[in-house]
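Heads up: the structure comes next, in structure tokens.
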Amino acid sequence: MLSTEPKKLQQKPDFDRIDRHILRELSVDARQPNVRLAERVGLSASACLRRVQELERAGVITGYRASIDRARMGAGFLAYITVGLSDHTKMSQEAFEQAMSQADEVVECHNVTGTIEYLLRVEVADIATYKAFHTNVLGTLPQVTAITSFIVLGSPKDQRR
């Protein structure tokens, strides 16, 4: 039997100045040795390692990844796309999300509030490749009724890189 009571929210851990500094440093370079990280945040290596491990255990640090220069990989054309669906059923949303999970061009897919249902971040080689994605992927999905593209001209601030 399913409970109708709301799930208990996870308690937000207490962060201090050093924890925030560790997180900032790791977001810039997650591969730096613990000794260097410790020096940068003003801790001993063992105290720094304990703090990082605690942030991992608490689920604050969820993993480590490589930052990829997609332009050097031939995907330097970036667009944000808003997508409206014809109906708001669970089946339509799941079908759209499944299609986006299969589309290599889509690097982010967000279900959002407002006048549209989804915001996509699409990275491809060029405008011709984008047009092919727009026509052959988005244009073939029966639940899609509105597509608006925003072509990125520059990114003066992008913390993903």
Side-chain angles (χ1 to χ4, degrees), residues 1-83 85 88 90-114 116-126 129-130 133 137-138 148-161:
M1 180 174 180
L2 294 174
S3 172
T4 57
E5 293 181 31
K7 290 182 180 178
K8 184 178 178 182
L9 294 176
Q10 287 184 330
Q11 194 168 7
K12 184 177 172 184
D14 292 324
F15 298 113
D16 63 14
R17 178 185 56 78
I18 294 173
D19 290 332
R20 292 182 201 290
H21 196 177
I22 288 170
L23 294 171
R24 264 193 318 277
E25 289 293 329
L26 288 175
S27 71
V28 171
D29 181 6
R31 291 189 65 178
Q32 63 184 292
N34 182 60
V35 172
R36 188 167 112 208
L37 177 62
E39 288 172 2
R40 289 180 173 267
V41 300
L43 291 176
S44 69
S46 59
C48 183
L49 181 59
R50 278 193 302 275
R51 285 203 183 224
V52 170
Q53 290 171 337
E54 182 53 39
L55 289 165
E56 290 170 345
R57 269 191 299 279
V60 175
I61 297 174
T62 59
Y64 299 90
R65 64 181 180 94
S67 179
I68 309 294
D69 185 335
R70 296 189 50 94
R72 289 184 186 258
M73 293 182 57
F77 184 90
L78 171 61
Y80 285 92
I81 305 167
T82 61
V83 178
L85 302 184
H88 306 286
K90 182 177 180 180
M91 190 166 63
S92 285
Q93 289 182 0
E94 287 175 347
F96 179 78
E97 291 172 9
Q98 177 63 29
M100 293 305 97
S101 72
Q102 300 298 313
D104 291 337
E105 301 87 348
V106 177
V107 295
E108 294 178 24
C109 176
H110 305 279
N111 185 218
V112 297
T113 63
I116 51 94
E117 282 72 46
Y118 289 92
L119 175 65
L120 308 177
R121 179 181 169 108
V122 172
E123 296 181 10
V124 293
D126 52 32
T129 309
Y130 175 73
F133 167 76
V137 177
L138 290 178
T148 303
S149 301
F150 299 90
I151 308 306
V152 175
L153 301 176
S155 299
K157 182 176 182 180
D158 185 348
Q159 292 184 334
R160 286 179 291 249
R161 307 244 183 248

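Atom set for the values below is all heavy atoms of this structure, side chains included, hydrogens, waters and symmetry mates excluded.
- Ion pairing between a basic and an acidic side chain is recognised when a charged N comes within 4.0 Å of a carboxylate O; Arg121 and Asp158 show such pairing.
- For the pair Arg57 and Glu54, the salt-bridge criterion is met [side-chain N within less than 4.0 Å of a carboxylate O].
- Although no hydrogens or angles enter the test, the distance criterion places no donor-acceptor pair under 3.5 Å between the side chain of Asp126 and the main chain of Phe77.
- Evaluated for a side chain to side chain contact (heavy atoms under 4.5 Å, CB included) with Leu23, the options Ile18, Val52, Val60 yield exactly one hit, Val60.
- Atoms CG and CD1, on Leu37 and Ile22 in that order, are 6.0 Å from each other to the nearest 0.5 Å.
- Taken to the nearest 0.5 Å, the CD1 atom of Ile116 stands 9.0 Å off from the CG atom of Leu85.
- For the 3.5 Å distance criterion, the side chains of His88 and Gln93 fail to qualify, holding no donor opposite an acceptor.
- Residue Phe15 holds its CZ atom at 11.5 Å from CZ of Arg51, rounded to the nearest 0.5 Å.
- One distance of note links OH of Tyr118 with CD of Glu97; it measures 3.5 Å at 0.5 Å rounding.
- The line from CD of Gln32 to CD of Glu39 is 10.0 Å long, rounded to the nearest 0.5 Å.
- One finds no salt bridge joining Arg24 and Asp29 here, because no Lys/Arg side-chain nitrogen approaches an Asp/Glu carboxylate oxygen to under 4.0 Å.
- The CD atom of Glu123 sits 12.0 Å away from the CG atom of Asp104 when rounded to the nearest 0.5 Å.
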